[in-house]
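All remarks here apply to the structure that follows.
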Amino acid sequence: MHYALEESNRDRRAVRSQPRGASVELLIEMFGTGEALGWLTDNLRRELFAQGRVGNGERSTAERLLSSEELDGVVAVMIKRHEGLSGTNVFAVSNPIALLFNWLDLGDGEGPRRLIGENVVSDIGLVEKLEALRSTITTSDEGSV
């Protein structure tokens with residue numbers, strides 16, 4: 001937790017060091033063309049929760065990396081980016097389920113459903129996608145499940 005907070009503070013300083021208005025352009029370029037789609041998705045989801053756009057309400061402003069205006073710009077570009085993804089792109093990220101939930105969080109319920117539907121038309125397609133969506137759950141008293 002402490003490491004994550006230090007990392008988010010470093011990210012916040014990097015964005016804030018840009019001239020006024022340039023930070024939005026920088027974020028749009030980063031989220032629109034960045035290759036680390038899983039990392040971008042994780043950061044966007046964290047910010048959506050921090051600003052109360054999803055989840056149980058706003059969190060402390062200390063947990064926010066972006067202004068509301070910056071987040072609006074990132075959300076717009078990521079909706080377009082998600083709409084252009086193929087099944088190959090989605091299932092190639094390290095955590096495709098997070099990407100699919102992020103897509104839903106952005107307000108597009110049909111996009112993820114359509115993509116999944118197009119990629120499970122055969123039994124083998126269904127099994128491959130289920131395998132890609134699985135995750136390991138670790139508990140403190142039972143180990144990995």
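Sequence positions, counted from 1, serve as the residue numbers for this chain. Scope of the values below: all heavy atoms of this structure, side chains included, with no hydrogens, waters or symmetry mates. Every value quoted in this text rests on a predicted model; they were computed, and no experiment measured them.
- The shortest non-hydrogen separation linking Arg114 to Glu83 is NH2-O, 4.2 Å.
- Across all their heavy atoms, Pro96 and Ala132 have their closest contact at CG-O, 3.4 Å.
- In terms of hydrophobic clustering, with Ile, Leu, Val, Met, Phe, Trp and Tyr side chains grouped at heavy-atom distances under 4.5 Å, Leu130 and Ile97 are assigned to a common cluster.
- With contacts defined as side-chain heavy-atom distances shorter than 4.5 Å, the pair Leu104/His82 does not qualify.
- If you take CZ on Phe91 and CD1 on Ile116, they are separated by 3.5 Å, rounding to the nearest 0.5 Å.
- Panel note: side chain Asn43, backbone Leu40; no donor-acceptor pair is recorded below 3.5 Å.
- In this structure, CG on Leu106 lies 13.5 Å from CZ on Phe101, to the nearest 0.5 angstrom.
- Looking at Asp42, Val93, Asn102 one by one, the single match for side-chain contact (heavy atoms from CB on, under 4.5 Å) with Leu37 turns out to be Val93.
- Hydrophobic clustering (ILVMFWY, side-chain heavy atoms < 4.5 Å, transitive): Trp39 and Leu100 are in one cluster.
- Under the 4.0 Å criterion applied to side-chain N and carboxylate O atoms, Asp108 and Lys80 are not assigned as salt-bridge partners.
- Panel note: side chain Glu128, backbone Asn119; no donor-acceptor pair is recorded below 3.5 Å.
- Leu126 CG to Glu131 CD: the interatomic distance, rounded to the nearest 0.5 Å, is 11.5 Å.
- Atom CG in Leu48 sits 9.5 Å away from atom CE in Met78 (nearest 0.5 Å).
- Of the possible polar contacts, none joining the Glu118 side chain to the Gly87 backbone as a donor-acceptor pair under 3.5 Å is found.
- Between Glu47 and Leu66 the shortest heavy-atom distance is OE2-N, 3.0 Å.
- In terms of heavy-atom proximity, Ala98 sits nearest to Arg45 at O-CD, 3.6 Å.
- Under a 4.0 Å N-O distance rule, the pair Glu110/Arg113 qualifies as a salt bridge.
- The two residues Phe49 and Gly55 make their nearest non-hydrogen contact at CE2-CA, 3.6 Å.
- The CZ atom of Arg81 lies 8.0 Å from the OG1 atom of Thr41; values are rounded to the nearest 0.5 Å.
- The two residues Leu99 and Val90 come nearest to each other via the heavy atoms CD2-CG2, 3.9 Å.
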